[in-house]
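The structure presented is a predicted model; accordingly, all values stated were derived computationally and were not measured.
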Amino acid sequence: MARSYEQLKLENQLCFPLYACAKEITRRYQPKLDPLGLTYTQYLVMLALWEYGAQTVKTLGQRLWLDSGTLTPVLKKLEAKGYVVRRRSESDERSVVVALTPQGEALADRAAVIPMEMGSCVKLSAQEAMQLHGLLYRVLDGMEEKHEKPEK
């Protein structure tokens, strides 16, 4: 017999549409990423490296909200593809720095069309998309007490 707690109805959960949207958007990215040989998570790593350049694994994980157990295998695969190199930091041997290779840097030219192509699959006006973007970052900002911010 189904119970009728309002707070337990799927339609009343904020987490469900966030989860479903994220899953669907990630699925729609994959055909665009396949020609680049990237998974969605690898693409996020590359975006952070294209924007910020070489950085420690710790900083990269903070930027992407990924723990080292998730990030390390992604970096190993990107390194095997020749897109990144990992090396010990010269200033702190405990830290590992991730940097783009020339091949990884060149991949940005091919990836540059992806954001525009993805915009066509989200049925929001530019203003609505900007509002949603802002709201999602407000949600993340509210969670930062448990999340260390990356260095700029």
Side-chain angles (χ1 to χ4, degrees), residues 10 13-126 128-152:
L10 191 58
Q13 306 306 308
L14 177 62
C15 62
F16 177 70
L18 285 171
Y19 163 77
C21 283
K23 189 167 127 322
E24 185 60 22
I25 287 173
T26 301
R27 185 185 70 77
R28 290 176 183 229
Y29 262 98
Q30 205 52 58
K32 296 168 186 346
L33 297 174
D34 283 344
L36 305 179
L38 296 175
T39 65
Y40 182 71
T41 307
Q42 291 169 348
Y43 174 66
L44 295 178
V45 169
M46 296 301 287
L47 287 173
L49 292 169
W50 290 325
E51 181 175 355
Y52 297 101
Q55 55 200 284
T56 65
V57 171
K58 179 181 177 183
T59 298
L60 190 56
Q62 290 167 343
R63 282 190 208 292
L64 299 175
W65 290 69
L66 295 173
D67 60 52
S68 63
T70 301
L71 187 55
T72 298
V74 171
L75 293 172
K76 284 182 179 180
K77 287 180 181 168
L78 287 171
E79 192 169 34
K81 293 175 188 203
Y83 294 152
V84 304
V85 291
R86 295 177 298 153
R87 64 182 185 280
R88 292 267 169 215
S89 169
E90 292 176 10
S91 61
D92 180 359
E93 282 195 16
R94 296 171 297 171
S95 295
V96 174
V97 174
V98 182
L100 291 165
T101 64
Q103 184 182 353
E105 288 198 34
L107 195 61
D109 293 335
R110 293 176 53 206
V113 298
I114 293 174
M116 190 64 98
E117 290 175 353
M118 284 303 298
S120 66
C121 75
V122 178
K123 303 299 182 211
L124 296 175
S125 69
E128 289 169 329
M130 286 175 46
Q131 288 173 329
L132 179 58
H133 183 267
L135 287 171
L136 291 172
Y137 270 100
R138 278 185 52 205
V139 170
L140 284 175
D141 286 346
M143 296 179 179
E144 282 191 344
E145 67 188 39
K146 300 197 189 299
H147 177 75
E148 199 174 329
K149 279 188 167 185
E151 49 204 59
K152 293 281 177 183

message: The criterion is side-chain hydrogen bond (donor to acceptor under 3.5 Å, both in side chains); which residues satisfy it with R110, sequence neighbours excluded?
response: none
query: Partners of D109 by side-chain contact (heavy atoms from CB on, under 4.5 Å), sequence neighbours excluded?
result: none
Steps toward side chain to side chain contact (heavy atoms under 4.5 Å, CB included) verdict (K76, L78): CA-CA 6 Å; K76 284 182 179 180; L78 287 171; over 6 Å; no
- prompt: Which heavy-atom pair separates A111 from W50 by the least distance, and what is that distance?
  reply: CB-CH2, 3.5 Å
- line: Taken to the nearest 0.5 Å, the spacing of L33 CG from I114 CD1 works out to 4.5 Å
task: Report the residues that fulfil salt bridge (charged side-chain N to carboxylate O under 4.0 Å, His left out) with K58, sequence neighbours left out, ordered by chain and then residue number.
output: E148
Got a list of side-chain donor-acceptor pairs under 3.5 Å for residues 96-104, not counting sequence neighbours?
unit_1 : atom_1 : unit_2 : atom_2 : d
T101   : OG1    : G82    : O      : 2.5
T101   : OG1    : Y83    : O      : 3.3
T101   : OG1    : Q103   : N      : 3.3
T101   : OG1    : G104   : N      : 3.0

- request: Nearest 0.5 Å please: distance from the CG atom of L71 over to the CG atom of L64.
  value: 7.0 Å
side-chain hydrogen bond (donor to acceptor under 3.5 Å, both in side chains) against S120, all qualifying residues, sequence neighbours excluded: none
- request: Using side-chain hydrogen bond (donor to acceptor under 3.5 Å, both in side chains) as the criterion, list what pairs up with S68, not counting sequence neighbours.
  value: none
message: So for atom CE, which belongs to M118, do other residues, nucleotides or ligands contribute more than 12 heavy atoms lying within a distance under 6.0 Å?
response: yes
Atom pairs and distances, donor-acceptor, side-chain atoms in residues 13-26, under 3.5 Å, two or more places apart:
unit_1 : atom_1 : unit_2 : atom_2 : d
Q13    : NE2    : Q7     : O      : 2.6
Q13    : NE2    : K9     : O      : 3.0
E24    : OE1    : R27    : NE     : 3.2
E24    : OE2    : R27    : NE     : 3.2
E24    : OE2    : R27    : NH2    : 2.4
E24    : OE2    : R28    : NE     : 3.0
T26    : OG1    : A22    : O      : 2.8

task: List the steps, then state whether side chain to side chain contact (heavy atoms under 4.5 Å, CB included) holds for L135 with V139.
output: CA-CA 6 Å; L135 287 171; V139 170; 5.7 Å; no
- prompt: Who are the side-chain contact (heavy atoms from CB on, under 4.5 Å) partners of S125, not counting sequence neighbours?
  reply: Q127, E128
query: Below 4.5 Å, heavy atoms only, C-beta onward: do Y52 and T59 meet side chain to side chain?
result: no
message: Would you say that E51 contacts R63 through its side chain, given a criterion of any heavy-atom pair below 4.5 Å between the two side chains?
response: no
- prompt: Of all residues at least two apart in sequence or in a different chain, which pass the salt bridge (charged side-chain N to carboxylate O under 4.0 Å, His left out) check with R86?
  reply: E79
All N/O donor-acceptor pairs, side-chain side in residues 38-49, below 3.5 Å, sequence neighbours left out:
unit_1 : atom_1 : unit_2 : atom_2 : d
T39    : OG1    : Q42    : N      : 3.1
Q42    : OE1    : T39    : N      : 2.9
Q42    : OE1    : K81    : NZ     : 3.3

query: Mind checking what makes salt bridge (charged side-chain N to carboxylate O under 4.0 Å, His left out) contact with D67, not counting sequence neighbours?
result: none
field: Partners passing salt bridge (charged side-chain N to carboxylate O under 4.0 Å, His left out) against R138 (at least two apart in sequence or in another chain)
entry: none
